[in-house]
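Note: hydrogens, waters and symmetry copies are ignored here, and every other heavy atom, side chains too, is used. Here is the naming used below: chain letters follow the sequence lines, and residue numbers restart at 1 for every chain. Source: prediction; values computed, not measured.
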There are 2 protein chains.
Amino acid sequence: MSIRADLLRGNTDIILLARLAKSDSYGYEINKEILEISDGAFEIKEATLYTAFRRLEKCGYIESYWGTEHTAARRRYYRITPSGRDQLEVMIAEWEETAKLIFRLIKGETYHAGTD
Amino acid sequence: MSIRADLLRGNTDIILLARLAKSDSYGYEINKEILEISDGAFEIKEATLYTAFRRLEKCGYIESYWGTEHTAARRRYYRITPSGRDQLEVMIAEWEETAKLIFRLIKGETYHAGTD
DNA sequence: TTCATATACCTCGCCTGTCAAGGTATATCA
DNA sequence: TGATATACCTTGACAGGCGAGGTATATGAA
């Protein structure tokens, strides 16, 4: 099942921060990873991705630097900042709250996904 | 915790359809219900609400009729259509898939909310 | 009577995130 | 020489959310 953009909207930032919390990475790689993890269901389009990087950098949640590897094309790496880690925690708590609420609203019960 | 608009974006329609699947209702009432269920964390703003009703009606997922009660202000009731029920099922499946995916992306594990 | 409040509906225009479409540049391999 | 993969970026259009503004009626208090 392919996932509608609107359902992902507002989740781009948290996904990127969560990924960068594990290790520094660059746009092209992150994009491929997400596609793979989601079995092709979800893709952050390039325009969206780079817009998000700019936004996060402007907020001070991430920093960037150019890779020095001798690769086909230069890579711009992103690093999460301490402030970004704090923000990520807030966003995760917020997301969990939201997911529970939506589930309650649409199912009238508590969410028990992952038990399948 | 108050919920950001972007996290709800794309969820307005499913929430309204799910509510109408239980019984006919009208905007003002639905809005109050949602506020209550979410403990004030989430509110579909009026402009958003009526825009959504128009959109859903245009898609043939809901129908409307004027209430005949003698109340302060007239009520416009909404009724879910068979097509709307079908669509709701699709949306719920889609939402569950999306929630699982996001959880996997941000936590690197399966979502087990509701077990707290 | 007059005014505030609650009920209940609606629209306009701005804001913001997504993304199609377009662009640049380099290394590799046929 | 050209195709393909890697890797970055920007512009403009689009769509949903929503602040601000509007309408109208019933009720109860001043």
Start with the C-alpha distance between B:Y50 and B:R76, add both sets of side-chain angles, then the distance that settles side chain to side chain contact (heavy atoms under 4.5 Å, CB included), and finish with yes or no.
CA-CA 11 Å; B:Y50 293 110; B:R76 184 169 181 161; over 6 Å; no
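Between A:Y65 atom OH and D:dA7 atom P there is a gap of 14 Å when expressed in whole angstrom units. Atom C1' of nucleotide D:dA5 and atom CG of A:L35 are separated by 15 Å, given to the nearest angstrom. For the pair A:Y77 OH and D:dA7 C1', the interatomic distance rounds to 11 Å; values are reported in whole Å. Atom P of nucleotide C:dC9 and atom CG of B:L49 are separated by 8 Å, given to the nearest angstrom. Atom-to-atom, CZ of B:F53 to P of C:dT11 comes out at 13 Å; the value is rounded to the nearest Å. Summarising the geometry, the separation between CG on A:L56 and P on C:dT18 is reported as 10 Å, rounded to the nearest angstrom. Per the geometry, CZ belonging to B:R54 stands 10 Å off P belonging to C:dC9, to the nearest Å. Summarising the geometry, the separation between CD on B:E69 and P on D:dT27 is reported as 14 Å, rounded to the nearest angstrom.
Sorted by residue number, the members of residues 11-33 of chain B with any non-hydrogen atom under 4.0 Å from DNA chain D read B:T12.
Distances were taken from every side-chain heavy atom of B:A73 (C-beta onward) to each of C:dT11, C:dT7, D:dC18; the shortest belongs to C:dT7. In this structure, of C:dG17, C:dC10, D:dG16, it is C:dG17 that holds the atom nearest to the side chain of A:R55. Checking C:dA21, C:dA27, D:dA20 against every side-chain atom of A:A47, the shortest atom distance belongs to C:dA21. For A:Y50, whose side chain is taken as the heavy atoms from C-beta onward, the closest listed nucleotide among C:dC10, D:dA26, D:dT10 is D:dT10. For B:T51, the listed nucleotide lying nearest its side chain is D:dC18; candidates were D:dC18, C:dA20, D:dC9.
Between D:dA24 and B:R75, no contact under 4.0 Å exists linking OP1 or OP2 to a side-chain N or O. The side chain of A:R74 contributes no N or O atom lying less than 4.0 Å from OP1 or OP2 of D:dT6.
In terms of polar N and O atoms assigned as donor or acceptor, the side chain of A:R9 comes within less than 3.5 Å of the base of C:dT16 in a complementary pairing. You'll find a donor-acceptor pair under 3.5 Å spanning the side chain of A:E46 and the base of D:dC8, going by distance alone.
Residues B:F42 and B:L35 have side chains not in contact (no heavy-atom distance under 4.5 Å, counting atoms from C-beta outward). Side-chain atoms of A:I14 and A:N11, non-hydrogen and from C-beta on, do get closer than 4.5 Å to each other.
A centroid separation of 6.0 Å or more is found between the aromatic rings of B:Y78 and B:Y26.
Between A:E43 and A:K32, none of the side-chain N atoms (NZ, or NE/NH1/NH2) sits under 4.0 Å from a carboxylate O, so this pair counts as no salt bridge. The pair A:K22-A:E33 does not meet the salt-bridge criterion, since no charged nitrogen lies less than 4.0 angstrom from a carboxylate oxygen.
By the 6.0 Å contact criterion, CD on B:E36 is open, its count of non-hydrogen atoms from other residues, nucleotides or ligands being 12 or less.
With the nearest nucleotide of DNA chain D identified for both A:D6 and A:T71, A:T71 has the one nearer the 5' end. Both A:A52 and A:H70 lie near DNA chain C, and the one whose nearest nucleotide falls closer to the 5' end is A:A52.
Within the nucleic acid shown, B:T48 comes within 4.0 Å of at least one base atom, counting heavy atoms only.
When only modelled atom types and interatomic distance are considered, A:D13 and A:Y61 share no side-chain donor-acceptor pair under 3.5 Å.
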